[in-house]
Amino acid sequence: MTDPEAGQTTDPEAVLGALVQRAVAAELGPAYADADPLIRPSDFADFQSNAAMSLARRADRRPRDIAELVADRLAAAAAVASAEVSGPGFINISLADDWIAGQASAQLDDPRLGVPRAEQPQRVVVDYSAPNVAKEMHVGHLRTTVVGDAVVRVLEWLGHEVIRANHIGDWGTQFGLLLEHLLDVGEQAAYEQLAAGEINVFYQAAKQKFDDDPAFAERSRRRVVSLQSGDPETLRLWQLLVHDTEQYYSTIYQRLGVMLTDADLAPESFYNDMLADVCDELESLGVAVISDGALCAFPPGFTARDGSPQPIILRKSDGGYGYDATDMAAIRYRVRDLGADRLIYVVGSDQSLHFAMIFAVARQAGWLTDKVRADHAPIGMVAGADGKRFRTRSGGSVKLSSLIDEAIDRAEEVIRDRYDDPEQRHQIAQAVGIGALKYGDLSVARDSRYVLDLDRLLALTGNTGPYLQYAAARIRSIFGRAGLDPAAVRSGPIELGTAAERALALRLLGFGRAVEDVTLAAEPHRLAAFLFDVASAFTTFYEQCPVLQAPTPTRQSRLALCALTLRVLVTGLGLLGIGVPERM
RNA sequence: GCCCCGAUAGCUCAGGCGGAUAGAGCGACUGCCUCCUAAGCAGUAGGCCGCAGGUUCGAGUCCUGCUCGGGGCGCCA
């Protein structure tokens with residue numbers, strides 16, 4: 001165990017946890033050194049430890065007696081102002097003001113703001129976004145894209161090596177009709193339409209012809225065969241189609257400020273050459289068997305509608321490969337060739353069964369071992385007004401690009417009278433609108449299903465991205481008025497004269513824990529909630545504590561606290577992929 | 001039929017590994033711009049945590065059953 005009062009972390013819970021563990025071990029014996037200190041936020045103090053009650057039975061002592069002994073030892077620690085027993089054995093712990101102030105000063109001086117790098121860096125493949133070629137990116141792609149992006153940023157900042165994998169759908173039978181339609185309209189016209197984002201028009205026209213024109217349908221079927229058999233001209237057309245829509249994704253990603261680039265494409269077709277070998281290996285391992293003419297794997301514990309074993313279908317009876325095979329190939333490739341320690345699939349919750357089965361088969365095959373962790377991070381579906389799954393048919397879909405436009409327009413509307421310069425106005429509106437949009441999706445649990453509500457998603461007041469951006473802008477404004485560069489303020493001393501200052505400083509110390517929490521289950525909303533608490537604590541401080549007008553020692557301290565708050569907000573929002581405008 | 005997810009304030013949602021009096025935003029209602037940005041702040045009202053049992057010192061949280069909603073379950077991806 002590390003020294004509880006040393007090390008890089010500023011996290012009070014970690015520090016108190018170590019203190020409680022040490023005290024428990026001293027009172028009850030070394031066998032108790034690893035007991036969970038059960039540190040929780042408290043309504044009655046800064047924190048409480050509930051350890052005494054859980055240890056009472058094991059130690060055959062009365063919980064209050066244990067609590068008294070531990071509390072006495074805690075009270076002697078420099079970090080602790082008071083430790084008192086209450087109720088059945090709660091230990092209410094308040095931290096010393098000068099300890100909080102010292103930690104905050106250290107955090108300000110630390111380039112990493114008290115967030116240590118991972119002790120054991122991993123190589124992590126994060127699979128997210130995954131739009132389909134020649135299909136519109138709609139609102140349903142927003143969350144997987146921004147959640148994946150935030151997870152990637154957090155993992156990288158913690159020192160992990162991240163491989164971004166945009167598993168776009170660029171293969172399958174629908175390409176027959178798309179390619180025939182491409183030939184009909186001409187390459188240039190198709191390019192213009194696709195690059196302009198008129199993707200659904202293109203797709204629906206192709207689909208219409210497929211349904212109405214038997215000759216077209218027949219051509220399409222033949223085209224699929226040509227594609228799969230590697231006919232050079234067909235491949236050329238296919239690449240054209242893929243390239244055109246990739247260009248369109250890129251513009252969306254750039255507008256959203258998402259890290260994905262062409263270099264991160266890991267399309268379905270990438271695995272085509274591996275599929276036969278994947279099937280062979282699974283078959284030779286005895287994991288896959290022929291059933292009704294198809295090559296299937298039957299992972300234990302999965303049963304179908306009629307109670308029979310439930311398969312994944314690797315190779316269809318017609319010899320073609322399905323997406324089960326592609327995903328198996330991707331797992332094998334990512335673990336064996338890329339050397340991944342962890343796989344995170346930020347993919348819709350409707351794929352839960354699929355991933356459970358895929359992972360199970362990969363374990364049977366020995367591709368996933370105890371050393372490799374595979375997570376499906378389910379993304380909740382977007383529902384229509386009827387509460388049911390949001391379907392993109394019948395023109396009811398919301399294009400992601402329109403949503404972005406709307407977000408920026410709404411933000412610009414708010415500041416229309418505030419900034420004369422249209423360029424500046426647009427830049428602010430862009431940062432704020434995109435910030436609102438992304439935060440709106442990042443601040444809820446990623447698997448919560450939701451009815452699309454633009455007013456909620458694009459809100460500019462309350463617990464929103466702009467609220468956090470606004471707090472940062474106000475801090476910058478303070479420094480601007482003082483003619484100071486906030487980045488230059490790197491040291492205290494910080495003094496905590498008021499409750500608002502203390503509450504803000506204490507809150508800031510939890511930054512590292514909040515960042516860490518994101519990686520546990522790929523949940524950026526935990527960081528979002530923390531940042532909202534920080535901004536909220538700051539605005540209370542802002543209302544109550546004049547900074548520039550304060551007398552000298554207090555002024556310096558408050559400037560330091562502001563500088564620290566700004567850096568935590570900007571860094572934290574950056575980890576969520578949200579930019580912060582200089583002014584608002 | 002089986003499996004997964006959900007049900008918390010009027011609405012949208014948070015609630016690490018079980019802790020004391022269940023939180024936030026929006027909406028409603030009261031106040032607050034001679035003062036570092038009112039995209040803000042302070043406050044009030046609003047709860048059978050779906051229902052019924054169980055586990056235990058203690059359950060929104062864990063277990064069982066049920067109700068309702070969503071999703072999934074052999075050759076689409």
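In what follows, chains are A, B, ... by sequence order, proteins preceding strands, each numbered from 1. This is a predicted model, so every value here is computed, not measured. Quick note: numbers below take in every heavy atom, side chains included, and nothing from hydrogens, waters or symmetry partners.
Pairing partner, B/rC35: none, since no Watson-Crick or wobble contact has both distances short of 3.5 Å. Nucleotide B/rA42 has B/rU30 as its partner under the Watson-Crick or G-U criteria, with both atom distances under 3.5 Å. Figure legend. B/rG6 is base-paired to B/rC68; pairs are counted as Watson-Crick or G-U wobble with both atom distances under 3.5 Å. The partner of B/rC49, taking Watson-Crick or G-U wobble pairs whose two distances both stay under 3.5 Å, does not exist in any strand shown. Using Watson-Crick or G-U wobble geometry with both donor-acceptor distances under 3.5 Å, B/rC62 finds its partner in B/rG54. Pair assignment for B/rG1 gives B/rC73, based on Watson-Crick or G-U wobble hydrogen-bonding distances that are each under 3.5 Å.
Across B/rG40, B/rG19, B/rC36, the shortest atom-to-atom separation from the side chain of A/Met53 is found for B/rG19. Nearest nucleotide to the side chain of A/Gln48, out of B/rA39, B/rG19, B/rC36: B/rG19. Side-chain atoms of A/Asp350 lie closest to B/rG71 of the nucleotides B/rC76, B/rA39, B/rG71. Listed candidates were B/rG72, B/rG19, B/rU37. Nearest to the side chain of A/Phe90 is B/rG19. Between B/rA20, B/rU37, B/rG74, one nucleotide has an atom nearer to the side chain of A/Tyr470 than all others, and that is B/rU37. Nearest nucleotide to the side chain of A/Glu543, out of B/rG69, B/rC41, B/rC73: B/rC41. The side chain of A/Cys296 has B/rG74 as its nearest neighbour among B/rG74, B/rG72, B/rA39. Nearest nucleotide to the A/Ser42 side chain, out of B/rG16, B/rA20, B/rC17: B/rA20. Which of B/rC73, B/rG72, B/rA77 sits closest to the side chain of A/Gln310 comes down to B/rC73. Ranking B/rC75, B/rC36, B/rA20 by closeness to the A/Ser477 side chain, first place goes to B/rC36.
For the OP1/OP2 pair of B/rA77 and a distance below 4.0 Å, the side-chain nitrogens and oxygens of A/Tyr323 include no atom meeting the criterion. A sub-4.0 Å separation between OP1 or OP2 of B/rC4 and a side-chain N or O of A/His354 is absent. One finds a side-chain N or O of A/Arg57 lying less than 4.0 angstrom from the OP1 or OP2 phosphate oxygen of B/rC57. Side-chain N/O atoms of A/Arg418 include one lying less than 4.0 angstrom from OP1 or OP2 on B/rA39. OP1 or OP2 of B/rC5 has not a single side-chain nitrogen or oxygen of A/Tyr450 nearer than 4.0 Å. Within the 4.0 Å cut-off from OP1 or OP2 of B/rA14, at least one side-chain nitrogen or oxygen of A/Ser448 is found. In this model, the phosphate group of B/rC41 is approached by a side-chain N or O of A/Thr539 to a distance below 4.0 Å at OP1 or OP2. For B/rC3, neither phosphate oxygen OP1 nor OP2 lies less than 4.0 angstrom from any side-chain nitrogen or oxygen of A/Thr303. Contact annotation: A/Lys135 side-chain N/O to B/rA77 OP1/OP2 distance is not under 4.0 Å. The side chain of A/Arg526 contributes an N or O atom lying less than 4.0 Å from OP1 or OP2 of B/rG15.
Map A/Ser536 and A/Asp453 each onto its nearest nucleotide of RNA chain B; the residue landing nearer the 5' end is A/Asp453. Toward the 5' end of RNA chain B, the nearer of the two residues A/Ser54 and A/Ala535, judged by each one's closest nucleotide, is A/Ser54.
Under the 3.5 Å distance criterion, with hydrogens and angles disregarded, no donor-acceptor pair is assigned to the side chains of A/Ser349 and A/Asp447. Using a 3.5 Å distance cut-off with no hydrogens or angles, the side chains of A/Asn200 and A/His138 do not pair a donor with an acceptor.
A salt bridge links A/Asp65 with A/Arg62: at least one charged nitrogen is closer than 4.0 Å to a carboxylate oxygen. Of the charged side-chain nitrogens involved, at least one lies within less than 4.0 Å of a carboxylate oxygen, so that A/Lys207 and A/Asp211 count as a salt-bridged pair.
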Fill in: Annotated protein contacts, base or backbone, on nucleotides 21-34 of chain B with a non-hydrogen cut-off under 4.0 Å, one of B, S, - each
B--SSS--------
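Counting any heavy atom pair closer than 4.0 Å across all strands shown, A/Ile312 reaches no nucleic acid atom. Heavy atoms of A/Arg305 sit under 4.0 angstrom from at least one base atom. Contacts of A/Asn50 with the nucleic acid, taken as non-hydrogen atoms under 4.0 Å apart, include base atoms. At the heavy-atom level, A/Asp327 lies nowhere under 4.0 Å from the strands shown. Using a 4.0 Å heavy-atom criterion, one finds that A/Thr326 contacts no nucleic acid atom at all. Residue contacts for A/Ala473: at a heavy-atom cut-off of 4.0 Å it reaches a base atom on one of the strands shown.
Remark: the A/Glu268 side chain and the B/rA77 base include no donor-acceptor N/O pair separated by less than 3.5 Å.
Centroid-to-centroid, the aromatic rings of A/Tyr439 and A/Phe532 stay 6.0 Å apart or farther. When ring centroids are compared, A/His167 and A/Tyr271 come within the 6.0 Å threshold. Aromatic ring centres of A/Phe538 and A/Phe541 lie closer together than 6.0 Å.
A gap of 42 Å separates the P atoms of B/rG40 and B/rC4, to the nearest Å. With both ends at atom P, the span from B/rC73 to B/rG18 equals 34 Å, rounded to whole Å. To the nearest whole angstrom, the two P atoms, one in B/rC48 and one in B/rG43, are 25 Å apart. Comparing B/rU64 with B/rA28, their C1' atoms are spaced 42 Å from each other, to the whole Å.
Annotation: cation-pi geometry satisfied between A/Arg474 and A/Tyr542 (NZ/CZ under 6.0 angstrom from ring centroid, within 45° of ring axis).
Remark: A/Asp60 CG is loosely packed, at most 12 non-hydrogen atoms of other residues, nucleotides or ligands lying under 6.0 Å away. Counting non-hydrogen atoms of neighbouring residues, nucleotides and ligands closer than 6.0 angstrom, the CG atom of A/Asp318 exceeds 12 such neighbours.
Note on ring orientation: taking the six-membered ring where Trp is involved, the planes of A/Trp171 and A/Trp238 are perpendicular (angle over 60°, cut-offs 30° and 60°).
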